[in-house]
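Quick notes on the structure that follows.
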Amino acid sequence: MLRIHVSRLDLSRVRMATRPDALWETILSFHRLRDRRASTVFGKWRTESRTRLNGEAQLLAAVVPPRGYFPDFLTPSQEGAEPFGLDTGIEALRDTPADRVHTELELLAAGRTRQRADRPVGQRAAGAGRAAAALPAALMEGRAEPLTRLISALRSYHQAAVEPYWPHIRASVEADRAVRGRALLDGGTDELLATLPPSIRWRSPVLEADYPFDRDLYLDGRGLLLQPSFFCRGAPVVYRDPSLPPVLVYPVANPGAPVFAEPGPWLGRLVGHTRSAVLSSIGTGCTTSELARRAGVSLASASQHASVLREAGLVLTLRHGSSVLHTLTPLGGSLLRGGAPLTLHQGLA
């Protein structure tokens, strides 16, 4: 179990990340790529992504094992609530001090040694090829070339497996943020922490979470950044190094299968003033009752319109206590603005 000790000062410094973190999504998606579970959500994505990969997986497997510890420097963060985009995150990764890279790769090697010792006799672990397996040792020497290779593999993998689905990832994180924001408005930080996924439990002054091993993390007045993640599943993730800015990466609620955010024939169903008014009324998020009041329609009509908009990929709906909360997807927001959907470059900025 993970126990995060939260002082009153820390409670006042809890923050919600403003958007998905490109490198967290990249690394965690690599876990999902090799995991056969949750095929309903990730099965098609795995198939599509593998067809676009070209050797990147072998290189990444050298530093990101299927389970357990992976180096903290792969997912850099900064103070505040603004995650790094892909380009700025990669530059932060490139600037990691050589001694920190060495230390974290030593931890990775130690973890792999323990896993080999625990593996049943005769069982082999799938992993990197021989050339890729040499990457950690080369990185530990502090040379620029191995780091450039790793960064190139990260960027190529992101372009193949994450970037095509970024609008959906972004919409899922924004929907989760809307639920947490509503909780914060309704009951403050205590309510926000109490509404995190079931694997995380707020028992003031300790935030408990399911975790692979027993650990205590003391915030010591630094606060905590809550980072919702589409590709995080099950247990949340924190940095191994307690001196780094505290971040809790947790799975978004009801992510749904990642898909391209492209318009289809269902757009014809949106013609009409009432449905346009309903879409506009959703704004930054509302319950079905609030939607009915804002749009001036009955509760049943508001529910039916929200269902059609959800099927069209314009709205996401998440449960919030005894109610449901509707939020716009990037495509829904773009339709209201009368412009094209957000480009991948804009979504990753």
Side-chain angles (χ1 to χ4, degrees), residues 19-20 25 29 38-49 161-182 228-231 251-321 323-349:
R19 61 186 180 184
E25 296 296 347
S29 76
S39 59
T40 301
V41 176
F42 297 113
K44 184 180 178 183
W45 165 80
R46 290 185 184 114
T47 301
E48 293 174 348
S49 297
V162 179
E163 187 175 278
Y165 308 92
W166 193 257
H168 182 87
I169 293 166
R170 183 169 172 264
S172 297
V173 168
E174 288 182 350
D176 189 274
R177 275 174 42 83
V179 171
R180 310 306 163 203
R182 178 61 63 98
S229 167
F230 179 83
F231 283 108
V252 298
N254 305 316
V259 294
F260 288 95
E262 296 177 342
W266 35 258
L267 277 176
R269 302 171 67 185
L270 297 178
V271 176
H273 296 295
T274 301
R275 192 155 294 152
S276 297
V278 168
L279 187 65
S280 179
S281 297
I282 288 174
T284 56
C286 63
T287 65
T288 305
S289 298
E290 291 168 341
L291 178 58
R293 185 172 64 252
R294 292 178 186 179
V297 297
S298 68
L299 189 62
S301 179
S303 179
Q304 191 270 336
H305 283 301
S307 177
V308 172
L309 293 170
R310 183 169 57 253
E311 292 170 2
L314 305 177
V315 167
L316 278 177
T317 301
L318 296 178
R319 181 154 295 281
H320 175 62
S323 306
V324 294
L325 187 65
H326 309 289
T327 60
L328 296 177
T329 66
L331 184 59
S334 178
L335 187 64
L336 280 179
R337 293 192 301 272
L342 288 172
T343 65
L344 294 176
H345 176 74
Q346 288 172 308
L348 290 169

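The two residues Leu325 and Arg182 come nearest to each other via the heavy atoms CD1-NH2, 3.9 Å. Nearest heavy atom pair, residue Ala175 against residue Leu316, reads CB-CD1, 3.7 Å. The two residues Ala302 and Thr288 have their closest heavy-atom pair at CB-O, 4.0 Å. Between Glu163 and Pro167, the closest heavy-atom pair is O-CD, 4.3 Å. Considering every non-hydrogen atom in both Val252 and Phe230, the closest pair reads CG2-CA, 4.0 Å. For the residue pair Glu174 and Leu328, the shortest heavy atom distance occurs at OE1-O, 4.4 Å.
Here the CG-CD1 distance, from Leu314 to Ile282, works out to 9.0 Å after rounding to the nearest 0.5 Å. In this structure, OG on Ser281 lies 11.0 Å from CZ on Arg293, to the nearest 0.5 angstrom.
In this structure Arg310 satisfies the side-chain contact (heavy atoms from CB on, under 4.5 Å) test together with Ser307, Thr317, His326, sequence neighbours excluded. Residues satisfying the side-chain contact (heavy atoms from CB on, under 4.5 Å) test with Ser29, not counting sequence neighbours, are Trp45, Tyr157, Val162, Phe231. Listed by chain and residue number, Asp176 satisfy the salt bridge (Lys or Arg N to Asp or Glu O under 4.0 Å) test with Arg180 (two or more places apart in sequence, or in another chain). For Ser323, the side-chain contact (heavy atoms from CB on, under 4.5 Å) partners are Thr287, not counting sequence neighbours. For Ser298, the side-chain contact (heavy atoms from CB on, under 4.5 Å) criterion is met by Ala300, Ser301, not counting sequence neighbours. Every side chain to side chain donor-acceptor pair (under 3.5 Å) that Ser229 has, sequence neighbours left out, goes to Glu25.
Judged by distance alone, the side chain of Ser172 and the main-chain N or O of His168 form a donor-acceptor pair under 3.5 Å. Side-chain atoms of Thr329 come within 3.5 Å of backbone atoms of Gly313 as a donor-acceptor pair (strictly under, hydrogens ignored).
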Fill in: Test side-chain contact (heavy atoms from CB on, under 4.5 Å) applied to Val308 and Val278, step by step
CA-CA 11 Å; Val308 172; Val278 168; over 6 Å; no
